[in-house]
Protein chains: 4
Amino acid sequence: MLDFELALMRALVHAGLAPQTAADELAGASDASALDIGAIGRSSGEKGTPVPGLLSALRERVGEIAAAHLHQGATSQDVVDTAVMLIARRSLSPVLDDLAGAADACATLAQANRDALEPGRTLLQQALPLTFGLKAAGWLAALDTVRSELSYQRDHLLAIQLGGAVGTLASLGDQGLAIAADMADQLGLVEPDLPWHTNRLRPAQLASSLAITLGALAKIARDVVLLAQSEVGEVAESGGAGRGGSSTMPHKRNQVSAVAVLACAERAPGLAATVLGAMAQEHERAAGAWQAESEPLRELLRLTGSAAVSAREMLTGLTVDHARMRANLDLNGQLLMSESVAVALAQSIGRARAQDLVEQATRQSVDDGRPLREVLLELPEVADGLGPERLDEALDPARYLGVTAELIDRTIEAHGSPRG
Amino acid sequence: MLDFELALMRALVHAGLAPQTAADELAGASDASALDIGAIGRSSGEKGTPVPGLLSALRERVGEIAAAHLHQGATSQDVVDTAVMLIARRSLSPVLDDLAGAADACATLAQANRDALEPGRTLLQQALPLTFGLKAAGWLAALDTVRSELSYQRDHLLAIQLGGAVGTLASLGDQGLAIAADMADQLGLVEPDLPWHTNRLRPAQLASSLAITLGALAKIARDVVLLAQSEVGEVAESGGAGRGGSSTMPHKRNQVSAVAVLACAERAPGLAATVLGAMAQEHERAAGAWQAESEPLRELLRLTGSAAVSAREMLTGLTVDHARMRANLDLNGQLLMSESVAVALAQSIGRARAQDLVEQATRQSVDDGRPLREVLLELPEVADGLGPERLDEALDPARYLGVTAELIDRTIEAHGSPRG
Amino acid sequence: MLDFELALMRALVHAGLAPQTAADELAGASDASALDIGAIGRSSGEKGTPVPGLLSALRERVGEIAAAHLHQGATSQDVVDTAVMLIARRSLSPVLDDLAGAADACATLAQANRDALEPGRTLLQQALPLTFGLKAAGWLAALDTVRSELSYQRDHLLAIQLGGAVGTLASLGDQGLAIAADMADQLGLVEPDLPWHTNRLRPAQLASSLAITLGALAKIARDVVLLAQSEVGEVAESGGAGRGGSSTMPHKRNQVSAVAVLACAERAPGLAATVLGAMAQEHERAAGAWQAESEPLRELLRLTGSAAVSAREMLTGLTVDHARMRANLDLNGQLLMSESVAVALAQSIGRARAQDLVEQATRQSVDDGRPLREVLLELPEVADGLGPERLDEALDPARYLGVTAELIDRTIEAHGSPRG
Amino acid sequence: MLDFELALMRALVHAGLAPQTAADELAGASDASALDIGAIGRSSGEKGTPVPGLLSALRERVGEIAAAHLHQGATSQDVVDTAVMLIARRSLSPVLDDLAGAADACATLAQANRDALEPGRTLLQQALPLTFGLKAAGWLAALDTVRSELSYQRDHLLAIQLGGAVGTLASLGDQGLAIAADMADQLGLVEPDLPWHTNRLRPAQLASSLAITLGALAKIARDVVLLAQSEVGEVAESGGAGRGGSSTMPHKRNQVSAVAVLACAERAPGLAATVLGAMAQEHERAAGAWQAESEPLRELLRLTGSAAVSAREMLTGLTVDHARMRANLDLNGQLLMSESVAVALAQSIGRARAQDLVEQATRQSVDDGRPLREVLLELPEVADGLGPERLDEALDPARYLGVTAELIDRTIEAHGSPRG
């Protein structure tokens, strides 16, 4: 808010509407730590906005000329909206940095584990094999998309607010737009085409993008928590001293960072909904909806920042257990490979008949408790049409990965490109 | 879903994985109206997805070869996700058309009422004058922004889904990506870098943009409802025969379209929150979150479409009452112009002293029930420093509109540019 | 959290599981202001919960025996859940007090304005007359319902949490339930049938009730803001010195309290949705959902408290302008009374014919710009069947109020009953 | 809606305001299947409510007298609100029946598995042993609470709406309340103290309770999905023919019912938030918020009904695998029992020292890959202070269950009590 008032004063000086001394005096008095925040808070309760209290406090600390020109042409909402945009701008830089770190960690995981077989799981049931590298590539793709979106918003969406009481900038005569442009330049924010006092696309877009970012992080954290279950054990956060451990339950390895990400993300939809629900603002300043917006927005910024830090920690320190992955893949014997056998068999006997045969063999294998391979080789269509060697190939998970390698390459390559 | 299966079959044919007859047979059987929707629905309850029931129904209607190749390489989610994207693509065209019509109507209103004075209102209290043209320009700017966003999403975000059970496209060997590209081309959707089975940025972004569109429409509708209040009467929807009237209360003019817009928009934040909240999807297919997504998404598409139609009707038929606007502006005599007088007076006696003087005069005017002009002219600073003529200029709302004209021009001009 | 640990220690002493000195030592060290909150916060980041840090801090400040027994049998979630319940219990008392004050103010308004005619409004259009007393009675009924609900929850829903790591209270042997009962008694909370670590009905019910309370307050505040519009002017918040005024726009009377209520309430649905959405908690302690619950719950408590204070201020100081109410009622001449005339006329000529006649007369009155009474008296059915005197009665809003008086009486009487 | 109109007509007859023939004629014409729903829908678009179209359709099908008295005294919202309440009343009975079935199944599971040991899990990590019976008892307690709440709401919250245009019942003279009471009696709904056109506590409370019910069901379904994971395998839904199976992946056992419950519940918070957010309704009828309420409410009723059916199926057919439970419990050797050993040891050497010793032994056991028992017995404090026999007792999960049995008994007993 101080930055707003100072930029406004300087713009007034540039426009010839205030003397240079006014800006100098205000600059000298713009030390947030010297303000009585409690008093401003109490006045905020009285007035419904902190701005009058802030202005009083500043006027006490500057000379008459600065006092007279302070806040000239602006309305309280101009100050608060611009302040929120500045907070967003400053918050997004570390967020983007942490997201880049998290994405880099995903790229490393995707590359390092590109051949690490594990069961792919649908509805939490093992389905077909994939590699952990592909899973990490999926995480990477999501992170790179949200990074690109947040970065775009930081540079193109975050705008100054300056409209005066009803958006006409009436008290600045014909210099309103020049002053707005000057302030945008000073503050590193976009100059909007129109004041957006009750046109709340900017807050709504920002809130949505933050919620989407948190959702993308939560997907990764959910996977980590599930993969780290005692009974699954495929990954774990790196412990660090005492981190996530329990003195009374030494076997536990709580995934502290992943849980933190999930806890942050759980709150995002409700907060975003509040900002989206506040868009129908009355006339030139809303009675309630506007005032309800800034806390959820700032909370979303805080939660995104916190989740990005945790996600980066989680991903950079993730330990991967290839042996457990393989053991889990073999949990149901070779049943996971039945589709692969059917595909191989289809070449000689057609797709429909191949599926039928394999389905019967699979059932028999389960009922008799015998290996699928053994049951299959008793079938003439398999023994003759496919033979043991090609059957073994069909039963090898490493040979039934489709376009896994291309997908990993594609994603890592895109990550390396300039937008990364 | 039929379009998906047919495009897949054709792509299989192109790739040499299925014979041409399979595609021909399927094309001949792909008549949605001939399917037993009830049976597919019942099977959906059993299986948790409508796809197996649909495939059974199709297999009964095609020959053996088409039956064998039907759905080859795909998983149920591939079908459902692509179907939702196709629904979105088809829904967005009429939505964009109606939004364009609504925006054009705003541009007309902004131009036609650029000088139509009315009170600007903050917290539902009259604040300073503006023109109805500026209010309409604000509506226009919001509509043009959401149009641009939705149009971008239609062309760049809506993507095919094809990944097979766990996103590796394993059963299509090394041809998975070629087939996906072929299908995207056939269906007019984007080909994604990776299958997005549990990377739900697309649904989340679409849901957010639809909710933001509804929010932008709701802001306009709220203004209309408030301006049309019996006690305000500045605008009204065009009646049409019996529209919005009440047989028992003939004086009422319900703003049927505006209320419809508000009712649609009221539901958007909750629906968007559901889609945002469903992003943390487990592994390669979610257990619940994915299945919860498509109804809210389709509901948002329906509500946006409905609200866009209503908004267009509301705006194209809006009647504007300049006399009531002026009467409302004069409701508090000249009090609304006190800031303007202070600005004028500041040139001679400084901003601080001018504000004090005008504040005192205003209070006295209210207390004594005398016109502000009269009270002001008794002050030597006004009588001498400003004089009656310049005081009258300062009291004229039409001269205290700041950059209103530039803002209107800017917005209409941007609307006329190619992105409109 | 300190209260929890102290109550637990005392219960351990009562059960013979810890010596009296342990409780005495802990009591001596339980001064929240002496704790290093920053250090506990940092540890919370490490461990994912503030409890281990709190326990370390306490252990440093007590002797060995107290240190050994501190927190015995409890898990971190026991502490946090109980602490939130204690916060709720303590918060609800002032909330209930302010709601009682607000309800009393409504009762006074209902009584004092029981005959104050104003237009009833539907879809923001004048519809039929009612009295402001009836409107206030509607507010009162809502407040008394939410008071009753919140009061019930305070006394019957807010429960202690004590289950140990997985809800079995294993480390307390067979004394777990006795200790839980003892603690509930000490802390003034309910003893639950079962630990509710992942059975989150209590937080969800509390969050819902708080959101409903905020919704009920928002309905009142919305009415006040609308009635206080410059063009309506039927009520206004009492100003107080400078309250809601604007130095540059002296004619404005911002409804600061009403706007504050609306701003608080706007956030409630999103916060409640977060708590509702966090109910599906995994196994014996959730990975994320539980951790996300307490901030929204505390925020809802804070917002409800703040809105209750504002609502009480708004209602106790509300000024009512009977003259404006009557003027607004007469805005459309006697058109508002057409239904009343039709009802009166129906007694002689039947309902259908009466409605037709009045509808025609009303239209003619509007078209010709003549008073409805005059037009009606030209109709033989009215002149003869009703006569001028009974027509005047039918045109008198004060005689067309149906059961208004009974409804007001009923509500005031219910308010006076014990549950008030 | 037909039931409303018919009950109103009968009440008018009872009150002497309409002749008996009017009610007889209307009763004869009240066959919903004979109405042109499409035409009513189109009229609804015109008028903003389906009621005028319905009334027109009815008037065409009855004689003049019934037509004249049809809907007398009512407003459209009276019809729609009462209709939603009737839908709720009729929906809640099967919901309550299915919830009772689900609760009974939980009681059976709790009893049958009261001693079935499995690992208790916190943050998805094994923590301490419990029994599956206790887990089922926790589910049961939640179901019994929501049943009690929904049952209360059905009987005490669902109310008739009758207020006429602005809630005064003006056109019914002094008989409005008698007619409302009569209708409530006919329709089996509560008679409210006041019309609740813009006092939306009833819809908000109903929506919240339904969302809470869905949340309680989702907690159970989440546990089932997690317990049924390929790598955990402790429970499974009963398959039935083809249910949840996959022709191409025969090893999969999708938990179709559990996933269906989760999918329904995922939508609840957003829908409840919409109803909560619609509470701030303007004056005597809202412009948008009211119109937005009924679809989410009906959707919540539908989702709750659907989830209750699925939950009942899931729970009544749940198969439980005690061997897998025990195997999972033994996954980490005896590490899960370290807290138990520390508790046992504390009796001789104090709690602090016991915890230290066990922690060291546990770490050594992990580092050396030796059984915890072996390491512990090398410590003199254990060998002498506890001895092998009492150590074995301390290492036995079945002896470290605290108050598990009492909690199960308590919950089953409460379920058997009248409220069940």
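Predicted model, so just to flag it, every value in this text is computed and none were measured. Quick note on labels: first sequence line is chain A, next is B, and so on, each numbered from 1. Atom set for the values below is all heavy atoms of this structure, side chains included, hydrogens, waters and symmetry mates excluded.
Within the 4.5 Å cutoff, side-chain heavy atoms of A:K135 are placed close to those of B:H283.
For chain B, the nearby part of A:T411 is the side chain; its heavy atoms alone come within less than 4.5 Å. For chain A, the nearby parts of B:R121 are the backbone and the side chain; heavy atoms of each come within less than 4.5 Å. Using a 4.5 Å cut-off between heavy atoms, A:R410 contacts chain B through its side chain alone, with no backbone atom that close. The contact between B:Q291 and chain A is made entirely by side chain atoms (from C-beta outward), counting heavy-atom distances below 4.5 Å. When heavy atoms are compared at a cutoff of 4.5 Å, B:S171 approaches chain A by way of both its backbone and its side chain. B:L407 touches chain A through backbone and side chain together, each having a heavy atom under 4.5 Å away. No part of B:L140 comes within reach of chain A, as not one of its non-hydrogen atoms sits under 4.5 angstrom from that chain. Contact of A:P397 with chain B is not made at all, since no heavy-atom distance falls under 4.5 Å. No part of B:A265 comes within reach of chain A, as not one of its non-hydrogen atoms sits under 4.5 angstrom from that chain. Looking at B:E64, neither its backbone nor its side chain comes within 4.5 Å of chain A, counting heavy atoms on both sides. For A:L134, the part lying under 4.5 angstrom from a heavy atom of chain B is the side chain only. Contact annotation for B:A165: both backbone and side-chain heavy atoms come within less than 4.5 Å of a heavy atom of chain A. In this structure, the portion of B:V343 lying under 4.5 Å from any heavy atom of chain A is its side chain and not its backbone.
Ranked by non-hydrogen atom pairs under 4.5 Å with chain B, the options A:A287, A:A170, A:A127, A:G120 are led by A:A170. In terms of heavy-atom pairs under 4.5 angstrom with chain B, the leader among A:L177, A:T75, A:V275 is A:L177. Between chain A and the options B:L217, B:L194, B:D174, heavy-atom pairs under 4.5 Å are most frequent for B:L194. Among A:T274, A:N199, A:I212, the residue with the largest count of heavy-atom pairs under 4.5 Å with chain B is A:I212. When each of A:T404, A:L201, A:L262 is checked for heavy-atom pairs under 4.5 Å with chain B, A:L201 comes out on top. For the set A:L276, A:V403, A:L169, the count of heavy-atom pairs under 4.5 angstrom toward chain B peaks at A:V403. The candidate with the highest count of non-hydrogen atom pairs below 4.5 Å against chain B, out of A:R200, A:Q72, A:E266, A:Q281, is A:Q72.
From B:L157, atom CG reaches atom OG of B:S209 across 7.5 Å, with rounding to the nearest 0.5 Å.
Between B:D144 and B:R147 a salt bridge is recorded (basic side-chain N to carboxylate O distance below 4.0 Å). In this structure, A:E282 does not pair ionically with B:K219, as no charged nitrogen and carboxylate oxygen lie closer than 4.0 Å.
In this structure, A:L329 places its CG atom where more than 12 heavy-atom neighbours from other residues, nucleotides or ligands lie under 6.0 Å away.
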